[in-house]
2 protein chains.
Amino acid sequence: MLKIGKLADYALVLAEYLGSTGRIVAISELSQETHIPLATVRKILLRLSQNGIVYSYRGVNGGYELAKAASSITVVEILEAMEGPLSITECVSTGSECKISKYCNLQRGWCSINEKIFSILSRTSLSDL
Amino acid sequence: MLKIGKLADYALVLAEYLGSTGRIVAISELSQETHIPLATVRKILLRLSQNGIVYSYRGVNGGYELAKAASSITVVEILEAMEGPLSITECVSTGSECKISKYCNLQRGWCSINEKIFSILSRTSLSDL
DNA sequence: AAGAATCAATACCATATTGGTATGCTATAG
DNA sequence: CTATAGCATACCAATATGGTATTGATTCTT
Ligand code: SF4
Ligand code: SF4
């Protein structure tokens with residue numbers, strides 16, 4: 001339980017590779033080096049790019065590079081870029097509409113746990129992994 | 001992201017109710033009080049019972065009660081009873097078979113994060129929620 | 001012994017999510 | 001101009017999930 005998705009998982013792998021090289025890397029190279037299927041890499045990098053995690057360059061010699069140093073990118077940033085805001089329960093994210101929330105008094109507790117997990121994930125940088 | 005399932009979520013609600021009463025409670029009452037559909041309550045309690053979280057009693061005046069005091073049941077116990085072992089990535093659970101694990105060097109990092117999350121969830125008791 | 005209450009176990013289904021793929025379009029270096 | 005490489009979107013198959021239904025077993029009460 002509480003698994004992150006495969007795409008998010010691979011995103012970290014890809015980001016780690018980007019960080020390790022420091023240069024602009026094309027999707028084809030990323031796929032070859034990480035053994036993640038090309039089309040999947042494409043999808044992941046697009047999301048990361050749209051969320052400002054990486055910069056993209058088109059055209060010949062284009063590719064991707066990290067937007068920040070690997071040591072200052074947090075794990076939670078990448079995870080949230082891939083899968084949306086961290087929320088362990090429905091009621092944690094603002095605008096929750098759990099059917100029984102009216103009668104449930106655990107929201108506080110979950111909120112607190114959510115914060116703690118967020119804290120862990122935000123204190124771990126890409127280079128820490 | 002990182003949401004727990006609805007059934008696990010409800011399991012905590014039900015367990016909290018059981019803890020708050022301290023007596024043996026029938027499914028019908030649990031459903032009425034928590035506003036969780038009867039058939040769903042049945043399914044959840046069965047799993048909790050099979051995993052030793054609650055004791056069950058059949059026959060007239062039967063029902064369920066917590067197997068331990070609410071203050072000594074941890075959140076992670078209930079979550080794992082409902083959704084299996086906590087593992088943030090595939091490689092964390094022993095016997096992982098991620099396709100690229102051979103070329104991935106993030107296992108260590110994830111394992112460490114997994115332990116930290118486990119620690120949070122195991123330091124929170126049912127009554128803390 | 002009978003009958004009602006109550007849990008056990010399993011099977012079933014509809015829907016949502018996920019992982020993964022394909023394709024045509026746009027931008028840029030040279 | 002053209003080859004390269006990312007952008008955007010649509011699509012699909014497989015799985016997981018939430019939720020429901022049904023039949024059987026057990027126990028209390030009378
Ligand atoms: S309100 Fe209670 S039940 Fe609904 S999501 Fe929040 S915690 Fe879970
Ligand atoms: S091996 Fe790397 S990619 Fe595979 S699951 Fe573990 S972390 Fe994710």
Side-chain angles (χ1 to χ4, degrees), chain A residues 1-14 18 23-32 34-67 79 82-84 87 89-90 97-100, chain B residues 1-14 18 23-32 34-67 79 82-84 87 89-90 97-100:
Chain A
M1 55 151 303
L2 274 193
K3 275 194 184 59
I4 64 173
K6 266 279 148 56
L7 296 189
D9 188 353
Y10 289 166
L12 269 295
V13 175
L14 292 165
L18 283 180
R23 51 189 173 76
I24 296 176
V25 183
I27 284 179
S28 57
E29 178 182 340
L30 285 165
S31 173
Q32 281 173 16
T34 61
H35 295 78
I36 299 169
L38 192 83
T40 304
V41 176
R42 189 175 289 138
K43 185 179 212 169
I44 293 169
L45 269 291
L46 179 61
R47 284 199 212 168
L48 292 183
S49 169
Q50 288 171 333
N51 286 278
I53 306 294
V54 299
Y55 293 142
S56 68
Y57 304 91
R58 296 215 257 190
V60 178
N61 297 323
Y64 296 89
E65 71 179 346
L66 286 182
L79 291 183
M82 292 300 297
E83 305 192 343
S87 64
T89 61
E90 213 175 313
E97 279 317 313
C98 161
K99 286 179 211 159
I100 69 168
Chain B
M1 55 150 303
L2 274 193
K3 276 193 182 62
I4 65 174
K6 266 280 146 56
L7 296 190
D9 188 352
Y10 290 166
L12 269 294
V13 175
L14 292 166
L18 282 180
R23 52 190 172 76
I24 296 176
V25 183
I27 283 179
S28 56
E29 177 182 342
L30 284 166
S31 174
Q32 281 172 15
T34 60
H35 294 78
I36 300 168
L38 191 85
T40 304
V41 175
R42 189 173 289 138
K43 186 180 211 169
I44 293 169
L45 269 292
L46 179 61
R47 283 198 211 169
L48 292 182
S49 169
Q50 287 171 333
N51 287 280
I53 306 295
V54 299
Y55 292 142
S56 69
Y57 303 92
R58 297 214 255 192
V60 177
N61 297 322
Y64 296 90
E65 71 179 348
L66 287 182
L79 291 183
M82 291 300 297
E83 306 192 341
S87 64
T89 61
E90 214 174 312
E97 279 315 314
C98 160
K99 285 179 211 160
I100 70 167

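Labels below follow one simple rule: chain letters A, B, ... track the order of the sequence lines, proteins then strands, and each chain is numbered from 1.
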Distance test, side-chain N/O of N61(A) to OP1/OP2 of dG30(C), below 4.0 Å: yes

Shortest non-hydrogen separation from A67(B) to G52(B) and the atoms involved: CB-O, 3.4 Å

Proximity to DNA chain C (any heavy atom under 4.0 Å), residues of residues 25-32 of chain A only: none

Indicate every side-chain donor-acceptor pair of residues 24-31 of chain A with a distance under 3.5 Å to a residue at least two apart or in another chain.
residue: E29(A); atom: OE1; partner: R23(A); partner atom: NH1; Å: 3.4
residue: E29(A); atom: OE2; partner: Y17(A); partner atom: OH; Å: 2.8
residue: E29(A); atom: OE2; partner: R23(A); partner atom: NH2; Å: 2.8
residue: S31(A); atom: OG; partner: I36(A); partner atom: O; Å: 2.7
residue: S31(A); atom: OG; partner: L38(A); partner atom: N; Å: 3.4

Which residues share a salt bridge (Lys or Arg N to Asp or Glu O under 4.0 Å) with K6(A), sequence neighbours left out: E90(B)

Range on DNA chain D touched by chain B, heavy atoms, distance below 4.0 Å: dG18(D) to dT29(D)

side-chain N/O S49(B) vs dC7(C) OP1/OP2, d < 4.0 Å: no

Spatial distance of atom OG1 (T89(A)) from atom CG (L12(B)) [nearest 0.5 Å]: 10.0 Å

Residue pairs passing the side-chain hydrogen bond (donor to acceptor under 3.5 Å, both in side chains) test where at least one lies in residues 42-64 of chain A, sequence neighbours excluded: Y57(A)-E65(A)

L48(B) CG - dC7(C) P separation (whole Å): 13 Å

A11(B) to M82(B) - nearest heavy-atom pair and separation: CB-CG, 3.7 Å

Spacing of L7(B) atom CG and E83(B) atom CD [to the nearest 0.5 Å]: 8.0 Å

Between dG19(C) (P) and H35(A) (NE2): distance, integer Å: 21 Å

For the student: nearest non-hydrogen atoms of G84(B) and M1(A), plus distance: O-CG, 3.1 Å

d(CG, D9(A); C1', dG19(C)) in whole Å: 13 Å

Contact nearer the 5' end of DNA chain D, comparing L45(A) with I4(B): L45(A)

Pairwise distance CG(L45(B)) to CD1(I53(B)) - rounded to 0.5 angstrom: 11.5 Å

Spacing of M1(A) atom CE relative to dT17(C) atom C1', expressed in whole Å: 17 Å

Reported OG1-to-CD1 distance for the pair T34(B) and I44(B), which is rounded to 0.5 angstrom: 8.0 Å

For nucleotides 20-27 of chain C, give me every protein contact, N/O to N/O, under 3.5 Å, one pair per line with atom names.
residue: dG20(C); atom: OP1; partner: K99(B); partner atom: NZ; Å: 3.2
residue: dG20(C); atom: N7; partner: K43(A); partner atom: NZ; Å: 2.7
residue: dG20(C); atom: O6; partner: K43(A); partner atom: NZ; Å: 2.6
residue: dT26(C); atom: O2; partner: R58(A); partner atom: NH1; Å: 3.3

Gap between atoms CD and P, on Q50(B) and dC7(C) respectively (whole Å): 14 Å

